[in-house]
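Okay, structure first, notes after.
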Amino acid sequence: MTILDKIMETKRQEITAYENSYPKTERYPDKPKLLDTLRKSRGVISEIKRASPSKGAIRMEVDVVEQALKYEGAGAAAISVLTDEQYFKGSIDDLKKVAHAVSVPVLCKDFMVSEIQVERAKAAGATIILLIVAALEEEELERLFRYADALGMEILVEVHDAAELEKAVALGAQLIGVNNRDLKTFKVSLERTAELAGKFPFDSGSVLISESGMNEAADAHQAYELGAQGVLVGEALMRSENPAGWIRQATGQEAAR
Ligand SMILES: O=P(O)(O)OC[C@@H](O)[C@@H](O)c1c[nH]c2ccccc12
């Protein structure tokens, strides 16, 4: 045995021990890109939302996996999971459970301020993160956007006025969410979507997602009419006895009853 053989044998033993002690990154089912899904057809990003600061408790005791499977079974384009604990009563654990259970894209719905959160979201199985233009300095927004992009994640950039939309476009955002809820006053109006659709760069291939305040499938149809390719729905699905029917009606797979 040469000295090289000896070194290599020792090295293999050493590295096997190291591999066995190395924290395993969890494996999740593969998920398509939301952008691809929405470019093909209109869709409902269906949210797991136990509570909110504007409404208080919505459905605190929900079985998140059961709910997510209902959404997926009805053809949801993606599942959004609130992970904020303090104000929305969600958790990273909710996100992990959902990401293990489904094969559609999963959005980590939270208030991102640091790269650590982006990494945590990815490690918990999320394929999309949310960045809220109104909540971040321009430099932070850009930094977090590039960071998530480099990790191979998709980024939903949330805006609520024309100036914010311009920032999102300048950033190169392709998934742009217009929040119909004013986060300062909690007032909800589809007018937001109507107004910003008029300024939206549809030609560039970006997709508009109309977020919040949709009570019935007809509201989703109205958002689609305005040019939205996706809608993001939380409370109505959480309160519905038949969330699958809601999604099917919104996507036109089933007539409204
Ligand atoms: O429950 P609604 O009205 O259907 O809204 C869903 C979603 O748009 C809303 O939860 C939301 C939109 N942007 C956010 C930012 C943070 C927390 C929550 C949100």
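The residues of the chain are indexed from 1 along the displayed sequence.
- Looking at every heavy atom in both residues, Val106 comes nearest to Ala99 through CG2-CA, 4.3 Å.
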Could you pull out all donor-acceptor pairs under 3.5 Å where a side-chain atom in residues 224-231 meets a protein atom, sequence neighbours excluded?
| residue | atom | partner | partner atom | Å |
| --- | --- | --- | --- | --- |
| Tyr224 | OH | Gly43 | O | 3.2 |
| Gln229 | NE2 | Leu38 | O | 2.8 |

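- Taking CD of Glu254 as the reference point, atom CG of Asn242 lies at 7.0 Å (rounded to 0.5 Å).
- The side chain to side chain contact (heavy atoms under 4.5 Å, CB included) with Leu232 is formed by just one residue from the set Leu156, Asn179, Val44; it is Leu156.
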Next on the checklist: Asn180 vs Thr193, test: side chain to side chain donor-acceptor pair (under 3.5 Å). Steps then yes/no.
Outcome noted: CA-CA 7 Å; Asn180 298 307; Thr193 294; 2.7 Å; yes

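- Counting only residues at least two apart or in different chains, salt bridge (Lys or Arg N to Asp or Glu O under 4.0 Å) contacts with residues 149-165 are absent.
- Formation of a donor-acceptor pair under 3.5 Å by the Glu47 side chain with backbone atoms of Leu82 is not found in this model.
- Hydrophobic cluster membership for Ile15: none, as no Ile, Leu, Val, Met, Phe, Trp or Tyr side chain comes under 4.5 Å of it.
- In terms of heavy-atom proximity, Val233 sits nearest to Met214 at CG1-O, 4.0 Å.
- Residue Tyr22 is found in a hydrophobic cluster whose other members, listed by chain and number, are Tyr18; membership requires side-chain heavy atoms under 4.5 Å apart, directly or through intermediates.
- Grouping Ile, Leu, Val, Met, Phe, Trp and Tyr by side-chain contacts under 4.5 Å, direct or through others, puts Ile155 with Met112, Val118, Ile129, Leu131, Val133, Leu136, Leu141, Leu144, Phe145, Tyr147, Leu151, Met153, Val157, Val159, Leu165, Val169, Leu171, Ile176, Val178, Leu196, Phe200, Phe202, Leu208.
- Not a single side-chain hydrogen bond (donor to acceptor under 3.5 Å, both in side chains) links Glu9 to another residue, sequence neighbours left out.
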